[in-house]
Trainee: 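I have a structure here, written as structure tokens, and I will follow up with some questions on it.
We count ligands from 1, going down the list as the structure has it; atoms in each ligand are counted the same way. Each residue takes its place number in the sequence, starting with 1.
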Amino acid sequence: MRLSYDQLDIIKEKMGVDKLWSFSKISTYDQCSWLYKLKYIDKIKSRGDNCYTYFGSLAHELIQDFYEDKIKYEEMISKFEDKVLEWQMLDDPKLKFSTDQERDRYIENLRHYFKNVQTVPHKITNEQAVLAVFEGMEKYVFQGYLDSEYLDDQGNLVILDYKTSTKSGFSGKQLFKKARQLIIYAIGISQHGRMINGEMRQFPLDKIRIRYDMLKYCNVSFMQKNGKIKTTKAERRQWVAHLVNQLRKDFEGVSKDIEKLEKEIAKLQRKMMMKKTTPEEAEGYSVGIGEIEEQIKSLKDDLYDPVQVSEMIEKATLENSLSALPKFIQNKYTVENCYIDVELTDEIVEEAKEEIISLLDDITVKSKEDDKDQAFNRSRIENSESFYCANTCDMKDHCTFYKEYKEHNTMFMVKSDQPSDDELLAMLGLG
Ligand code: SF4
């Protein structure tokens, strides 16, 4: 439920502040101080959606509509396909992907999600408002909305966030930076409690879990030779291709298992033939051999020649499904949502708090400077940042740094297109 301007004013008054902070404000500043200036100081209107925000909002809406019983499970994929068609018809240059390949991959991943998503088996609430208070140079009050939340079987409040972005950065140390928004919300919940079924309940931080559902990916688990379960993350559109080597090993494993059992039989036969073997022992060995022969017989049903194996794996890869493969292989694999959980230790929460307060203090100091251009100035765009600037930043058309970057690149390209002295002489027939 989105709060109205009047409701937000009531919150400000109650909290004794003249403005509320959103996570997007600090992440904008963290991304690029100039972007912050253009958006929040100069108040330049954004050029609206890009392809990622367009499909991101759509994906959120579909899964949340399912949890709110507005649509059935099977309707998620049909509605998604309708929206893809609608988007194609719009043919809006602002909503285009950087390449056709990127477009196809992105859409195929989401298509797989809406066909196969494993939904949460708990009562989910969506888009509930949350407030969090931080004390720095000033009192900072954050206001935001949780994508989804639910109580798990252990009574933990789980904050679930849907992500349609790539998973890069969602691991190791970087994960905590990515998770700042949810950490802020967790802090907010620990400060103010949560209304559950009409009753206000308190949740200390150790009873709050935060997790991401990375829509473009899935977790594939399979049993290894050593009996241990291995889980790997794969892009949904090609999860079978991601496992081709493992699938080959599964097929090869059958003949290896048969070989091992045959050796076992040979060993038992040798024992049977030994002089010291008593008739009772021979009888036991014979029973053992019979049992192993039975095992070999059933394993032989799963024995395929290399050509068959290659054909089956190729078909499975093309279809991105194991249904073309024998049951013994299908049964080894499970495909689940790609959840990434963030552990909320005191240390992590304290570190996040410090970083958030430091960013907020920085913005506050700079916002009070007379020369805002100087205060929010930044260095020139490096190649490593250019993807964000070119594809995600909605202010690039108003950005002098991006203009300079493009001009510099154009000059560089013109220069590199110039023929060398030798090439020029050759072109003129003087070489
Ligand atoms: S285009 Fe790049 S440098 Fe310019 S405002 Fe956007 S993020 Fe900042």
Side-chain angles (χ1 to χ4, degrees), residues 19-57 60 92-99 102-103 106 140 142 144 161 163-170 173-184 212 216 352 355-416:
K19 65 169 170 296
L20 296 175
W21 290 86
S22 65
F23 178 72
S24 65
K25 267 191 181 179
I26 58 161
S27 74
T28 299
Y29 177 77
D30 203 22
Q31 176 69 42
C32 168
S33 57
W34 196 251
L35 177 58
Y36 183 92
K37 185 191 98 76
L38 296 177
K39 270 193 171 179
Y40 300 110
I41 308 274
D42 301 346
K43 297 196 190 313
I44 296 174
K45 283 240 172 307
S46 136
R47 62 197 273 270
D49 272 334
N50 58 42
C51 56
Y52 300 108
T53 56
Y54 179 89
F55 278 103
S57 312
H60 277 72
D92 183 341
K94 291 202 296 284
L95 300 182
K96 283 209 182 324
F97 285 84
S98 54
T99 63
E102 164 67 3
R103 173 199 63 203
Y106 185 93
Y140 303 114
F142 269 85
D161 202 68
K163 280 272 174 263
T164 45
S165 57
T166 63
K167 63 178 169 53
S168 74
F170 279 84
K173 257 261 172 232
Q174 281 177 295
L175 175 61
F176 301 111
K177 190 171 175 191
K178 290 272 184 194
R180 258 190 210 150
Q181 180 176 19
L182 300 195
I183 296 177
I184 292 175
Y212 291 98
K216 283 169 40 179
E355 283 169 4
I356 291 158
I357 292 170
S358 148
L359 282 170
L360 289 162
D361 284 347
D362 251 17
I363 300 174
T364 306
V365 168
K366 288 183 180 175
S367 303
K368 286 179 182 161
E369 299 268 326
D370 291 333
D371 187 347
K372 302 284 191 290
D373 282 8
Q374 184 57 37
F376 287 93
N377 200 10
R378 54 157 292 151
S379 54
R380 68 184 178 84
I381 298 172
E382 298 295 335
N383 280 337
S384 56
E385 302 164 286
S386 62
F387 183 87
Y388 181 88
C389 294
N391 296 291
T392 313
C393 180
D394 53 1
M395 288 288 145
K396 66 176 178 194
D397 297 341
H398 305 277
C399 174
T400 44
F401 293 92
Y402 188 62
K403 198 165 161 241
E404 272 167 29
Y405 174 80
K406 275 207 315 193
E407 281 167 3
H408 177 265
N409 271 14
T410 317
M411 260 168 55
F412 183 74
M413 277 170 65
V414 170
K415 269 192 198 150
S416 64

Trainee: For ligand 1, note which part of R378 has a heavy atom under 4.0 Å away: side chain, backbone, both or neither.
Mentor: side chain
Trainee: Considering only protein heavy atoms, which is closest to atom 8 (Fe) of ligand 1, and at what distance to one decimal place?
Mentor: C32 SG, 2.4 Å
Trainee: Does the salt bridge (charged side-chain N to carboxylate O under 4.0 Å, His left out) test come out yes or no for K39 and D394, once each step is laid out?
Mentor: CA-CA 9 Å; K39 270 193 171 179; D394 53 1; 3.4 Å; yes
Trainee: Might you confirm whether atom NZ of K96 has over 12 heavy atoms from other residues, nucleotides or ligands at distances under 6.0 Å?
Mentor: yes
Trainee: So which heavy atom in the protein is nearest atom 6 (Fe) of ligand 1, and how far is it from that ligand atom?
Mentor: C393 SG, 2.3 Å
Trainee: What about Y29 and Y40, are their ring centers closer than 6.0 Å?
Mentor: no
Trainee: Under 2.8 Å from atom 2 (Fe) of ligand 1, can any N, O or S atom of C399 be found?
Mentor: no
Trainee: Tell me whether the count of non-hydrogen atoms from other residues, nucleotides or ligands lying under 6.0 Å of CD in E102 goes above 12.
Mentor: yes
Trainee: Among C389, S386, S33, which one has a heavy atom closest to atom 2 (Fe) of ligand 1?
Mentor: C389
Trainee: Taking the basic N atoms (NZ, or NE/NH1/NH2) and the acidic carboxylate oxygens, is any pair closer than 4.0 Å for K94 and D49?
Mentor: no
Trainee: Run the contact test for H398 against ligand 1 with a 4.0 Å cut-off on heavy atoms, strictly below, and give the result.
Mentor: no
